[in-house]
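Chain letters run A, B, ... following the sequence lines, proteins first and then strands; every chain starts at 1. Keep in mind that the numbers below use all heavy atoms, side chains included, and drop hydrogens, waters and symmetry copies.
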There are 2 protein chains.
Amino acid sequence: MSKSIDQKARWIEWMDRALQLASLAEGETSPNPLVGAIVLDKAGVLVGEGFHSGFGKAHAESQALVQAGIKARGGTLVVTLEPCCHFGKTPPCTDAVLQSGVQRVVIAIEDPDPRVSGKGISILRNAGLEVVTGVLEEQATFQNRDFIFRVKNGRPWGILKWAMSLDGRIALPNGVSQWISNTEARESVYHLRSKCDAVIIGGGTLRNDNPLLTTRGLANPEPLRVVFTQKLDLPADSQLWDTTVARTLVASGINNNKSMKRFPAGPEFVQLERSTPKNLLEVLAQKNCNRVLWECGPLLASQAIQEGCVQELLVILSPKLLGGEPARTPLAELGFTRMDEVLLAKRISFENLGDNWAIKVRIPMDK
Amino acid sequence: MSKSIDQKARWIEWMDRALQLASLAEGETSPNPLVGAIVLDKAGVLVGEGFHSGFGKAHAESQALVQAGIKARGGTLVVTLEPCCHFGKTPPCTDAVLQSGVQRVVIAIEDPDPRVSGKGISILRNAGLEVVTGVLEEQATFQNRDFIFRVKNGRPWGILKWAMSLDGRIALPNGVSQWISNTEARESVYHLRSKCDAVIIGGGTLRNDNPLLTTRGLANPEPLRVVFTQKLDLPADSQLWDTTVARTLVASGINNNKSMKRFPAGPEFVQLERSTPKNLLEVLAQKNCNRVLWECGPLLASQAIQEGCVQELLVILSPKLLGGEPARTPLAELGFTRMDEVLLAKRISFENLGDNWAIKVRIPMDK
């Protein structure tokens, strides 16, 4: 059943287009994956396309097949993710594929969801369709890295972001940090938030910075704003307590009745079983988060890294020199004593944002 | 006497070539500037070129004019710096220019040396020659920024270099720092050293790292290795005490007889009047340094910045995460309490060195 590289190569351009379609809904489909689909008729002419635009909405394959109608017969469906074979919010896509009359299905990657995970492909093959898999596999895996990670690990993909000066500082010695980065960089952070399901800070950041944590209207609804606090020692006034702009969740593992009296009216409260970043992310996965953004201080950031809750890092680097003793640095103790122990990140991208730089890296998965 | 832009524009290509010639001796001419010169005959054909290759050696104009011989008559001399008009190690270049018979001299910038500074140009004009000035002025100023700075300020141009992790650390909490940067980055530092007249560290770096501080053979002679120490509490063994590889200078402002007993045989010792980075650089200017490289720890680096002894910064950024509490950061306290006080550097260049980045910035002159 294995397909040769040549057979795959035929479909690369169409799969690339399907991936582009899928990406249109980035940040809007959680807990679902991004999916794009294209239907070609028997002669190879484009007759339908679609993408999954959000949880509960039509699947990409269904949209593309509906658009193609009878022109799909004898044709090809190109889809970025294996079609589902179970009833969820919508009927199984494999049914729609079989009914459409296409004779071939080209797939980038298998659905990691254990309810699908190869079963969709088997159903199609058993029905006599030609199924080509692994077309632009790497790109498709990258596109849905958060969904795949969440399905496999039970917690969302974590991105940690900080803005620092050229001498590695995230604040002046007195805590002042507004602003180290420039306007372009801060706007790029609003954009990043709009691609995430939740933005997480700790109690310290809430008390020091009183941040708004929104996308400034780039996403509707705004991502969930999460305060992870050990002490529940929360300020009476905070921009986060106004939940007309965006929802706020306060999570804590310690039930402190004295502080609870002061708990604000707007936010939702979640009592964690364990007061750890990992447990917080497990709860956020249950709340349909595929991708979260950590915008916290050094202690929580280090803890999140050590518990495997950070997969990507965005460092905004600003050509300023802040100095400071004791230092305000992005991370706290990671427990390393030798240079061969330290985390060696893999570079993803590098971008100029005015006079700032945006550096994106992958945190190694095996540490 | 002012020349129009059009008149200058005619000479840009030739001046660009003269600047290229000058750059061939980068790091080898101190305390002299870099100078390149070209002679064109009456018809505008190239008949001579030269560059200043080192202190005490022939000046660029002389070389180019000797090469041109009688073809210079009625021609043009294009030179990156105003010809000198005083006896130094060689006779005044203005004499050679007048004797050559050129009818025109094209100059990028005036010599900041008060013994010249416009006088060379006056001599030529008074003798009836046409003199065009300000051709590629900005580039020529940049090329000789260290020489110009030293002449005006009495101390060499300072470059501060550090290698840090993506979380702004220059060492692990236990002081381990070898290596944060990769091989390509370390080789680029050898190259940078070869363009500098001296490399400076503090006593702490000497004791912790026992560095070699050479160019690994890229420069001959090697730049002067300088240890700036308050305490003269120097180790008995150090790579720097072997002065067969490169010269070493130990500078201190405090005469500590007890430690002096242990002073090693090879290095030169200098007693500073004031134990400050600025006084050290004044001494190094007297020792013919136009450009020095600071490779010191955070305390000395911060002091050097605060005393205006750092004009450029090279940050090698490595995609590693080190963590650490208390932090080992590139700079110590700079005394800022508001974000509008901090040093805002100007970006010069950005380079990929394997998986490392080399970031070069200018430190503002007015802070």
Q: Could you have a look at S302(B), A171(B), P319(B) and say which one has the most heavy-atom pairs with chain A under 4.5 angstrom?
A: P319(B)
Q) Shortest non-hydrogen contact from P156(B) to Q311(B)? A) O-OE1, 4.2 Å
Q | Polar side-chain atom of E341(A) near backbone of R338(A) as donor-acceptor pair, under 3.5 Å | A | yes
**Q.** Contact residues of residues 196-213 of chain A (partner chain B; heavy-atom separation under 4.5 angstrom)
**A.** none
Q: Please test E307(A) against R274(A) for salt bridge (Lys or Arg N to Asp or Glu O under 4.0 Å), starting from the C-alpha separation and ending with a verdict.
A: CA-CA 13 Å; E307(A) 292 193 3; R274(A) 288 158 289 123; over 6 Å; no
**Q.** Heavy-atom side-chain contact between Q306(A) and L334(A) under 4.5 Å
**A.** yes
Q: Side chain from CB out, backbone as N, CA, C, O: work out which of these in I359(B) comes under 4.5 Å of a heavy atom of chain A, or both, or neither.
A: side chain
Q: Let me know if R328(A) has heavy atoms under 4.5 Å from chain B in its side chain, its backbone, both or neither.
A: neither
Q | Worked check of side-chain contact (heavy atoms from CB on, under 4.5 Å) between L284(A) and V226(A) | A | CA-CA 9 Å; L284(A) 292 178; V226(A) 179; 4.1 Å; yes
**Q.** Heavy-atom contact with chain B under 4.5 Å, split by part of M339(A)
**A.** both
Q: Verify the neighbour count for atom NZ of K195(A): are there more than 12 heavy atoms of other residues, nucleotides or ligands below 6.0 Å?
A: yes
Q: Compare all side-chain heavy atoms of F350(B) with those of F350(A) and state whether any distance is below 4.5 angstrom.
A: yes
**Q.** Residue from R145(B), K346(B), K161(B) passing salt bridge (Lys or Arg N to Asp or Glu O under 4.0 Å) with E312(B)
**A.** R145(B)
Q. When only pairs under 4.5 Å are counted, which of E333(B), R347(B), E325(B) shares the most heavy-atom pairs with chain A?
A. R347(B)
Q: Among the options G324(B), P330(B), G323(B), G168(B), pick out the one with the most heavy-atom pairs lying under 4.5 Å from chain A.
A: G324(B)
Q.
Just so I understand: if I count every heavy-atom pair under 4.5 Å between each of V315(B), V361(B), T337(B) and chain A, which residue has the most?
A. T337(B)
**Q.** Note, L344(B) side chain near D355(A) side chain (heavy atom, < 4.5 Å)
**A.** yes
Q: Could you list which of residues 173-187 of chain A have a heavy atom closer than 4.5 Å to any heavy atom of chain B, in residue-number order?
A: P173(A), N174(A), V176(A), S177(A), Q178(A), W179(A), I180(A)
(Q) Under the rule for side chain to side chain donor-acceptor pair (under 3.5 Å), what residues qualify as partners of R150(A), not counting sequence neighbours? (A) N290(A)
(Q) Using the side chain to side chain donor-acceptor pair (under 3.5 Å) criterion, which residues pair with S188(A)? Sequence neighbours excluded. (A) none
(Q) Is the shortest side-chain heavy-atom distance between P277(A) and F228(A) below 4.5 Å? (A) yes
Q. Are W357(B) and I316(B) close enough that some pair of their side-chain heavy atoms sits under 4.5 Å apart?
A. no
Q. Heavy-atom distance under 4.5 Å between the side chains of W162(B) and L314(B), does that happen here?
A. no
(Q) Less than 4.5 Å to any heavy atom of chain B: does that hold for the side chain of L317(A), its backbone, both, or neither? (A) side chain
**Q.** Among L321(A), L166(A), L331(A), residue most engaged with chain B (heavy-atom pairs, under 4.5 Å)
**A.** L321(A)
